[in-house]
Trainee: 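Quick one: structure below, then a few questions.
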Amino acid sequence: MKVIKQLVIAIGLMLPMICAHAEVDKRARDLAASCAACHGTNGRSAGGFPMLASLDKTYFVAQMKDFKSGARPATVMHQLSKGFTDEEFELMGSFFAAQQR
Amino acid sequence: MSLDRRDFLKLGVAGIAIGAFPGLAFATSEIIPKKGQRVVIVGGGFGGATAAKYIRMWSNNKIDVVLVERNPQFISCPMSNTVLGGSRTIGDLTRSYDTLKKKYGVKLVQGEVTAIDTQKQAVMLAQGHLGYDRLIIAPGVDFMFEQIEGLNAEVAAESIPHAWKAGAQTVLLRKQLEAMPDGGVCVIGIPKAPYRCPPGPYERACQIAFYLKNNKPKSKVLVLDANPDITSKKGLFMAAWKELYPGMVEYRANAMVTKVNVAGKTVSTEFEDVKADVLNVIPPMKAGVIASLAGVVNVDNRWCAVDFTSYESKVHKNVHVIGDAVSAALPKSGYMATSQAKICAAAVIELMQGQAPDPVPTIANTCYSMVSDSEAMHVAHMYRFNAEKQAMIAGEGGGVSAKRSEVEGALAGYWLENVLNDVLM
């Protein structure tokens with residue numbers, strides 16, 4: 001009984017860690033973090049720059065590709081987008097879509 | 001004198017304790033007792049404050065973070081040139097550390113670090129010491145006053161401000177401009193690169209010219225640049241000077257200030273002595289003194305080499321360096337300091353769990369320069385780690401604005417709000 005109790009406590013203590021690992025792709029999180037100086041922590045912009053938190057992933061990826069190709073004009077993003085891969089757009093898109101506004 | 005049994009026991013216990021717990025060997029007391037895994041961060045500027053927030057946030061508050069900062073409040077260096085132009089006050093750029101404490105549980109210690117013991121893994125302050133598992137230093141820059149005859153920290157604080165750290169000197173320089181007669185000359189001396197904020201001195205020339213144009217239109221700004229050319233956004237700055245401030249900004253390349261005369265209000269270069277009404281000499285820079293205390297300055301006696309996947313020093317294990325002090329082909333900007341801080345924060349969390357950090361850190365940087373109260377332009381690049389070269393390499397597509405604009409001027413203001421929120425809120 002005592003052993004089971006200890007086991008339950010141990011699993012309970014580990015649970016937040018297990019969950020945190022399952023939830024967030026760290027590469028996506030870290031790529032997205034570099035956008036925060038302009039677009040706010042986790043994409044929650046206070047104004048001026050588009051809110052990225054909760055943005056539809058398909059929409060986000062399409063915009064980034066359009067910035068990259070020049071189809072969508074921009075002041076800055078036509079430059080920054082060119083350095084990232086399509087796979088990285090997908091990762092960032094997934095991360096921002098999962099963030100609350 | 002003989003030892004009785006009680007004394008002997010005390011000594012014995014102390015001896016064992018010193019061996020088992022090195023922390024007890026310090027002459028000073030622990031400022032905040034260390035329980036569990038702890039990161040100490042020295043320097044609460046853009047880099048240090050961001051690292052503090054993100055380690056707490058990304059570790060789900062599991063890692064204890066102590067942030068040591070000497071100033072009671074945060075003052076943004078980015079956009080501080082607009083205080084000289086008059087469109088902002090230093091108060092507009094000042095923020096509190098309270099949210100880092102209350103929302104994120106960062107433990108803030110206000111004080112001056114006097115020594116760092118990388119063997120015992122402790123940071124010393126006048127009020128005691130702080131033990132760490134990992135140390136992040138974000139020391140910013142200090143000034144090499146010794147390279148300019150007649151200049152020192154006191155002269156800078158009282159009469160020839162560099163105003164290259166936002167605060168009292170920014171306000172002093174503004175007051176000197178206000179007191180300058182119409183028809184006067186303001187000299188800006190720019191050090192050889194690398195220095196903090198590459199476009200900053202040229203933006204400053206614009207901001208001072210903006211103030212003078214509207215208040216003292218017969219006055220001039222004379223830029224004495226130690227570099228062979230304008231180091232950032234050259235075409236854009238030249239256009240701004242010519243079109244917005246015709247005849248007011250004079251630029252001289254290869255004009256390194258080597259000497260100042262406080263009483264005579266004169267600066268000297270290799271070629272000439274220049275008398276002026278306001279002197280703003282920006283001295284050459286090196287990693288802030290905290291880097292020397294940690295013993296991690298190993299490039300040209302000025303900067304700190306790091307592993308770009310973790311920002312761990314190449315000199316000492318468990319000591320990380322972020323921001324302006326880092327030796328890299330990266331701009332020394334506030335934005336860049338936040339980008340480095342996040343890579344460092346993620347890596348520190350992984351390393352403390354025995355995991356490897358992201359092998360290909362990828363970061364961005366955008367810097368706006370305000371050329372008046374309303375117009376700005378930017379430079380933007382993304383950078384990716386190249387393991388073969390062990391360097392951060394600029395990605396494809398980076399560059400500057402096609403032209404300055406009011407749209408970017410407005411964005412620069414929003415950038416300031418968003419980045420300050422990202423660092424502190």
Side-chain angles (χ1 to χ4, degrees), chain A residues 13-53 64-70 73-89 91-92 95 99-100, chain B residues 46 50 53-54 57-60 62 333-336 338-339 341-343 345-347 349-350 353 355 357-358 360-366 368 377-384 394-402 405 407-408 410-423 425:
Chain A
L13 287 172
M14 281 165 70
L15 213 57
M17 287 168 122
I18 296 163
C19 290
H21 281 266
E23 274 169 22
V24 181
D25 181 309
K26 286 179 190 163
R27 173 81 183 154
R29 179 199 71 184
D30 297 354
L31 283 168
S34 207
C35 312
C38 294
H39 293 273
T41 304
N42 296 333
R44 285 195 289 275
S45 171
F49 296 88
M51 174 86 83
L52 302 179
M64 292 299 283
K65 287 180 177 173
D66 283 353
F67 285 136
K68 195 172 178 175
S69 72
T75 58
V76 171
M77 286 313 299
H78 62 299
Q79 295 165 333
L80 290 179
S81 59
K82 287 192 179 68
F84 293 91
T85 63
D86 288 359
E87 186 209 345
E88 287 169 336
F89 293 158
L91 283 170
M92 288 187 268
F95 178 85
Q99 302 307 307
Q100 291 185 338
Chain B
F46 277 83
T50 301
K53 167 177 161 175
Y54 274 77
M57 196 168 76
W58 284 347
S59 74
N60 296 316
K62 294 236 163 39
S333 75
Y335 191 140
M336 180 51 70
T338 69
S339 285
K342 291 166 192 174
I343 297 301
I349 295 167
E350 294 305 317
Q353 295 175 347
Q355 305 290 318
D358 180 354
V360 195
T362 307
I363 55 177
N365 180 67
T366 303
Y368 289 97
M377 60 259 192
H378 77 267
V379 57
H381 287 278
M382 60 76 67
Y383 302 86
R384 193 184 293 274
E396 203 186 316
V400 300
S401 310
S405 69
V407 169
E408 292 210 38
L411 286 173
Y414 285 118
W415 174 81
L416 181 68
E417 290 311 310
N418 277 325
V419 77
L420 292 179
N421 285 347
D422 190 36
V423 174
M425 301 296 283

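Chain letters run A, B, ... following the sequence lines, proteins first, then strands; residues in each count from 1. The basis for the numbers below is simple: all heavy atoms, side chains too, and nothing from hydrogens, waters or symmetry mates. For clarity, every value in this text was computed on a predicted model and none was experimentally measured.
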Trainee: Please state whether the side chain, the backbone, both or neither of B:Met377 comes within less than 4.5 Å of a heavy atom of chain A.
Mentor: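 Contact with chain A involves no heavy atom of B:Met377 at all.
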Trainee: Run the salt bridge (charged side-chain N to carboxylate O under 4.0 Å, His left out) test against B:Glu396 and tell me which residues pass, sequence neighbours left out.
Mentor: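 Counting only residues at least two positions away or on another chain, B:Glu396 forms no salt bridge (charged side-chain N to carboxylate O under 4.0 Å, His left out).
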Trainee: How many angstroms lie between atom OG1 of B:Thr362 and atom CG of A:Leu31, to the nearest 0.5 angstrom?
Mentor: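 Going from OG1 on B:Thr362 over to CG on A:Leu31, the span is 5.5 Å.
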Trainee: Let's go through A:Val76 and B:Trp415 carefully: what are the C-alpha distance in whole Å and the side-chain angles of both, what is the deciding distance for side chain to side chain contact (heavy atoms under 4.5 Å, CB included) to 0.1 Å, and is it a yes or a no?
Mentor: CA-CA 12 Å; A:Val76 171; B:Trp415 174 81; over 6 Å; no
Trainee: Just verifying a value: how many Å separate B:Leu411 CG and A:Thr75 OG1, rounded to the nearest 0.5 Å?
Mentor: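 Here the rounded value is 5.0 Å.
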Trainee: Nearest 0.5 Å, what's the CG-SG distance between B:Asp422 and A:Cys35?
Mentor: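 If we round to the nearest 0.5 Å, B:Asp422:CG and A:Cys35:SG are 10.5 Å apart.
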Trainee: Check B:Asp358 with A:Lys26, please: is the shortest side-chain N to carboxylate O separation under 4.0 Å?
Mentor: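 So A:Lys26 does not pair with B:Asp358 through a salt bridge.
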Trainee: Hey, which of B:Ser59, B:Gly395, B:Pro361, B:Ala364 has the most heavy atom pairs under 4.5 Å with chain A?
Mentor: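 Most heavy-atom pairs within the cutoff with chain A belong to B:Ala364.
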Trainee: Do side-chain atoms of B:Glu417 reach the backbone of A:Ala46 as a donor and acceptor pair under 3.5 angstrom?
Mentor: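 Such a contact is absent between B:Glu417 side chain and A:Ala46 backbone.
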Trainee: If I measure from the heavy atoms of chain A, does B:Tyr54 come under 4.5 Å with its side chain, its backbone, both, or neither?
Mentor: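 Only the side chain of B:Tyr54 comes within 4.5 Å of chain A.
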Trainee: Counting N and O atoms only, with roles assigned by atom type, does the side chain of B:Asn421 sit under 3.5 Å from a partner on the main chain of A:Thr41, one being a donor and the other an acceptor?
Mentor: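 Absent.
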Trainee: State whether the side chain of A:Arg27 and the backbone N or O of B:Val360 hold a donor-acceptor pair below 3.5 Å, judged by distance alone.
Mentor: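 Yes; at least one donor-acceptor contact below 3.5 Å.
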Trainee: At what distance, to the nearest 0.5 angstrom, does CG of A:Asp30 lie from NZ of B:Lys342?
Mentor: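 The distance works out to 10.0 Å.
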Trainee: I'd like to know which of A:Gly48, A:Gly83, A:Ala33, A:Ala37 tops the heavy-atom pair count under 4.5 Å against chain B.
Mentor: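 Ranked by contacts with chain B, first place is A:Ala37.
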Trainee: Is there a donor in the side chain of B:His381 and an acceptor in the side chain of A:Gln79, or the other way round, less than 3.5 Å apart?
Mentor: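 Not at all, the side chains of B:His381 and A:Gln79 share no donor-acceptor pair under 3.5 Å.
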Trainee: Could you walk me through whether A:His39 and B:Asn418 pass the side chain to side chain contact (heavy atoms under 4.5 Å, CB included) test, one step at a time?
Mentor: CA-CA 7 Å; A:His39 293 273; B:Asn418 277 325; over 6 Å; no
Trainee: Are more than 12 heavy atoms from other residues, nucleotides or ligands located less than 6.0 Å from atom CE of B:Met425?
Mentor: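 Open: at most 12 neighbouring heavy atoms sit under 6.0 Å from CE of B:Met425.
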Trainee: Taking atom CZ of B:Arg384 and atom OG1 of A:Thr85, what is their separation to the nearest 0.5 Å?
Mentor: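 Between atom CZ of B:Arg384 and atom OG1 of A:Thr85 there are 6.0 Å.
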Trainee: With a 3.5 Å distance limit and no angle check, can you tell me whether B:Tyr335 reaches the backbone of A:Ser34 through a side-chain donor-acceptor pair?
Mentor: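 It does hold such a pair.
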Trainee: Please list, chain by chain and in numerical order, all residues satisfying salt bridge (charged side-chain N to carboxylate O under 4.0 Å, His left out) with B:Glu408, sequence neighbours excluded.
Mentor: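 Expected list: none.
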Trainee: Check each atom of B:Ala410 against the heavy atoms of chain A and say whether the ones under 4.5 Å are side chain, backbone, both or neither.
Mentor: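 For B:Ala410, no heavy atom lies under 4.5 Å from chain A.
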